[in-house]
Enquirer: 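Can you keep this structure in mind? I'll have questions shortly.
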Amino acid sequence: MVADMTEANPRISKAVIPAAGLGTRFLPATKATPKEMLPVVDKPAIQYVVEEAAAAGLDDVLMITGRNKRPLEDHFDRNHELESALEKKGDGSKLAKVQESSDLATIHYVRQGDPKGLGHAVLCAAPHVGNEPFAVLLGDDLIDPRDPLLQRMVEVQEQHGGSVIALMEVAPEQIHLYGCAAVESTEAGDVVKVTGMVEKPDPADAPSNYAIIGRYVLAPQIFDVLRKTEPGRGGEIQLTDALQQLAADEKIGGPVHGVVFKGRRYDTGDRGDYLRAIVRLACEREDLGPDFRTWLRSFVAEEM
Ligand code: UTP
């Protein structure tokens, strides 16, 4: 059960989804379309993410959009022409699919003028979020709905205050691909206290093999820190650099904890992982899975 929400730690209701990155790993597909709109089986990646926020009780969603915001806005808006065409045809199941995305949450949009980094994208949410803790979900990180993570992070934030990040153990040789956290254990097996963070470290310098993945519950003090954060790695304002400051000084915005995630996650911003995500999710689908698995078995047998 949720503890009493005091003014100092109000209930979390807002989710921020940054979707303004250039998506260069997916060019040319992302030349005119945000990578978050690329389909994973038959839904754009970002719809899974909005569904996840809504399932965790966060029904006020702010998307940070970039130069190609139209497809995102259109996807989460009504499409009256298509709806009436499907109504006329009497195709109720497709009509439901069209309406699903516009009924999920109240979605707001704000433009990030220049893609100056994830930290800068999060800072664009400050006027909408105000002075309350909020969640950030990266649109290219899919968490399998069967392994809920965000609910647990919200619970941990309500218990400890401050900020909560999501961590996943990776092989040491993979840690240079992620932000990495230095941690201390706590009484809860799946929760650690975060004492430091470093963006994409060389394996030899990495403080652990806990990688930071794309879910955050942040104290509003992060905005003040981000305003003062200089561009870091890649010339971008890094969210990890601002979080590092919160972790280094609890007086700023409370402690930083990490929830260790052991469930299924798909990094759809990476082409190889994107393909794996589609194959796995398609295999598991009741409607597509049986035929697709049969085809996949014979395809693999031929290829090997
Ligand atoms: P990535 O690091 O994956 O960068 O951003 P990217 O530009 O989207 O993709 P590549 O590396 O060029 O292929 C992580 C998340 O932060 C958002 C992205 O949309 C993605 O969800 N982001 C990144 C912004 O919203 N604004 C930025 O300035 C940078």
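None of the values given here were measured: they were computed from a predicted structure. Start at 1 and go down the list; that is how both ligands and their atoms are numbered. Count residues from 1 along the sequence.
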Enquirer: Is it true that the side chains of His128 and Asp60 contain a donor and an acceptor less than 3.5 Å apart?
Expert: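 Yes, a side-chain donor-acceptor pair sits under 3.5 Å.
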Enquirer: Do Tyr48 and Tyr266 have their ring centres less than 6.0 Å from each other?
Expert: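 No, the ring centres sit 6.0 Å or more apart.
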Enquirer: With hydrogens left out, which residues have an atom under 4.0 Å from ligand 1, given that only heavy atoms count?
Expert: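 Residues near ligand 1: Pro18, Ala19, Ala20, Gly21, Leu22, Gly23, Thr24, Arg25, Lys35, Glu36, Gln112, Pro115, Lys116, Gly117, Leu118, Ala121, Gly139, Asp140.
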Enquirer: Answer whether the closest heavy-atom distance between the side chains of Ile237 and Leu123 falls below 4.5 Å.
Expert: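 Ile237 does not reach Leu123 side chain to side chain.
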Enquirer: Would you mind reporting whether Leu177 and Val170 have side-chain heavy atoms less than 4.5 Å apart?
Expert: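 Not in contact.
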Enquirer: Between Glu155 and Gln151, do the side chains contain an N or O donor and an N or O acceptor separated by less than 3.5 Å?
Expert: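 Glu155 vs Gln151: no donor-acceptor pair found between side chains.
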Enquirer: Would you give the length of the straight line joining atom NZ of Lys228 to atom CZ of Phe223, rounded to the nearest 0.5 angstrom?
Expert: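 Lys228 atom NZ to Phe223 atom CZ measures 14.0 Å (nearest 0.5 Å).
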